[in-house]
K.L.:
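Pasting in a structure now, in structure tokens, and then I'll have a few things to ask.
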Amino acid sequence: MKSRRGLSSVVGMVFAIIAIVTTVGYVTFSLNVLDSFNQSVLAKNQMMIDAGKEKFDIYSVQITNGKFNVAISNTGNLPINITRMWVQNTTTNVVDWTNSYNCHNCIVSPGSILKNIGQSMPVGANPIYSYNLKLTTSRGNSMQFSMGSPGTKPIFLQLQIIPNSVSSYNNATLLLVATNNLTSSNLLTNITPNTPVCSTTGGATFTLKSLPPPQYPYLGNGGTVMFKWVYNAVGANNTRIACTASLQNGLASNTASDTALITIPITNQITATENFTNPTNPASTGSAAGVMSNLFATFIPKASGRILISVCGDLASSVATDGAKFDIRYGTGNTPSEGVALTGTLAGTAITGTSATANAIVPACNHVQVTGLTIGTKIWIEIGKYAITGGTASFTNFNVTVVEV
Amino acid sequence: MRHFKSRRGISSAIVGAMLLTGTTILGVTLVAWSHSSVLTTEFGLASSASSKSNILSEYLSIENVWFRHHIGVNGPAGINITISNVGKIGVNVTQIQFNNTSIVYNVPKALGKILPGNFTWVQPQISWHNGSSTNMSVITQRGSIFTTRVTP
């Protein structure tokens, strides 16, 4: 009996061990499977988190050497691998196409900038076309934007003529302000302004004096670029200037205009040369009929064509009680030489000075007003000099002042 | 008495042997059954876990959707769809559904297989209208569904 009781215990023990081993094995296997699954969940979560952490922005977009040239900055905490760039031609009336191009070794580390994306891709870019670009990353993120598209939608343009009341013969500045007010993914590239088209009234002129402003390579959303030209305005008072500006690769209807007036300021405008205030003393003359004397004075009317000429100097005659006189003459073209016969247009009357004794000096001034001169046309100013009665008349220390009013 | 004693001993031995045999048979049967059951459960668990793990590891990106007026020069309207495998295991795309199964496009087998890091593109001939957005779902052989909303 003792022996049989022992056998039963052994059998029971064997079964118990089998049951325990099976249970432990199952639990271990289950835990391993659970761990493996958990690893998969963690890996997927990590991928999703990494994908969510990818952050990059457009740094610049240009068309360089006929190819796209995109630069991005990695603003996140993970390295980014740009795998492909998608290009869609969205130009109106141009065959629509979309292609993707692999980007090799396009890895940008956090805080860095990756340049020249597109420069080695077999796709050309036309500055007058508009494109839709999309960059995709190895984690499945993408960034899409339009570029070079001021020709597809109107953008906000402003033109300012500064000042809008410009004095004749003065410069005016034209400022064209272009603002990218398109939606956030629309980037403008290679923005080139047309030279403003200006019209004037009353025969006024508005002449471009500056070089064309350079093109602007890249304008992000909300950005503003300013183009500047300098013009010179010449015209009568209250003549009007109207200018219209546009972009070379913009919509034809997308323009900006402004107007300005040419004004004649209530200030004297004087041109002077060094000969005006201390010209060489004219030669003496014994001519009672009078001859010309070159004072080397010239003047260009700028605004009104109305001038005041003042000529002052010392007169004398070599004979007591005889005298000298001079009048003011002007004209255009070649300046008459010293001593030639009287010519030009006489302005006012002659001023006379009589020497009480021989060679006694008599200061004299002659002021005349001349009107109707052509704006911008140079005139010469001389005197006609005369001897009165006899002797030799001398003319010294002459000053000439011309004032346009 | 000696004879009686002897017969009592034989009976106990027989009963003991029968009990032992019965217990052994029952025990072996029980162990075999439980082992089989555990193995089946383990296999099911392993299979299920592997399947779920693989589904979890599938990660597709619908990289680009291009609505075309004409496929080819004068072909019918269609949609160019590029799908990129950004996960760590190969994926077999079987179907693309539009507008919640109202339009189903079965992806050709040759185009549906995408290795990790690779991409494929398909071009179903489906008519579309400007401005009408729709849900587009990419379905894999393992049952993963990747959905995005597209607007021509």
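Just so you know, these numbers use all the heavy atoms, side chains as well, and skip hydrogens, waters and symmetry mates. Residue numbering restarts at 1 for every chain, and letters A, B, ... go by the order of the sequence lines. The model shown is predicted, which means the values in this text are computed figures rather than measured ones.
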K.L.:
Using a distance-only test with no angle check, is there a side-chain donor-acceptor pair under 3.5 angstrom linking B:E58 and B:N54?
P.N.:
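No, because no side-chain N or O of B:E58 sits under 3.5 Å from a partner of the opposite role on B:N54.
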
K.L.:
Heavy atoms only, distances under 4.5 angstrom: which of A:L34, A:T83, A:T136, A:T137 has the most pairs with chain B? Name it, please.
P.N.:
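Looking at each option in turn, the highest pair count goes to A:T136.
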
K.L.:
With a 4.5 angstrom heavy-atom cut-off, could you sort out which part of A:T23 is near chain B: side chain, backbone, both or neither?
P.N.:
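When you check distances to chain B, no heavy atom of A:T23 falls under 4.5 Å.
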
K.L.:
Decide if atom NZ of A:K44 counts as having more than 12 heavy atoms of other residues, nucleotides or ligands within a radius under 6.0 Å.
P.N.:
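Check passes, neighbour count above 12.
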
K.L.:
To the closest 0.5 Å, what do you measure between CD1 (B:I96) and OH (B:Y105)?
P.N.:
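Taking CD1 in B:I96 and OH in B:Y105, the distance rounds to 7.0 Å.
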
K.L.:
What residue in B:L30, B:T82, B:T23 has the most heavy-atom pairs under 4.5 Å with chain A?
P.N.:
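Highest number of heavy-atom pairs under 4.5 Å: B:T82.
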
K.L.:
What part of A:V14 is in contact with chain B, defined as an atom under 4.5 angstrom from a non-hydrogen atom: side chain, backbone, both or neither?
P.N.:
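Neither; nothing under 4.5 Å.
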
K.L.:
What part of B:S61 is in contact with chain A, defined as an atom under 4.5 angstrom from a non-hydrogen atom: side chain, backbone, both or neither?
P.N.:
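Interface part for B:S61: side chain.
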
K.L.:
So B:W128 and B:H69, would you call those rings parallel, tilted or perpendicular, with 30° and 60° as cut-offs?
P.N.:
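Ring orientation, 0 to 90° scale: tilted.
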
K.L.:
Side chain, backbone, both or neither: which part of A:A51 has an atom under 4.5 Å from a heavy atom of chain B?
P.N.:
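Only the side chain of A:A51 comes within 4.5 Å of chain B.
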
K.L.:
How far apart are the closest heavy atoms of A:I80 and A:N74, and which atoms are they?
P.N.:
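Scanning both residues completely, I find the closest heavy atoms to be CD1-OD1, 3.5 Å.
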
K.L.:
Side chain, backbone, both or neither: which part of A:S142 has an atom under 4.5 Å from a heavy atom of chain B?
P.N.:
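Contact with chain B is absent: no heavy atom of A:S142 under 4.5 Å.
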
K.L.:
Roughly how far, to the nearest 0.5 Å, is the CD1 atom of A:I63 from the CD atom of A:Q119?
P.N.:
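Between A:Q119 CD and A:I63 CD1, I get 10.5 Å after rounding to 0.5 Å.
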
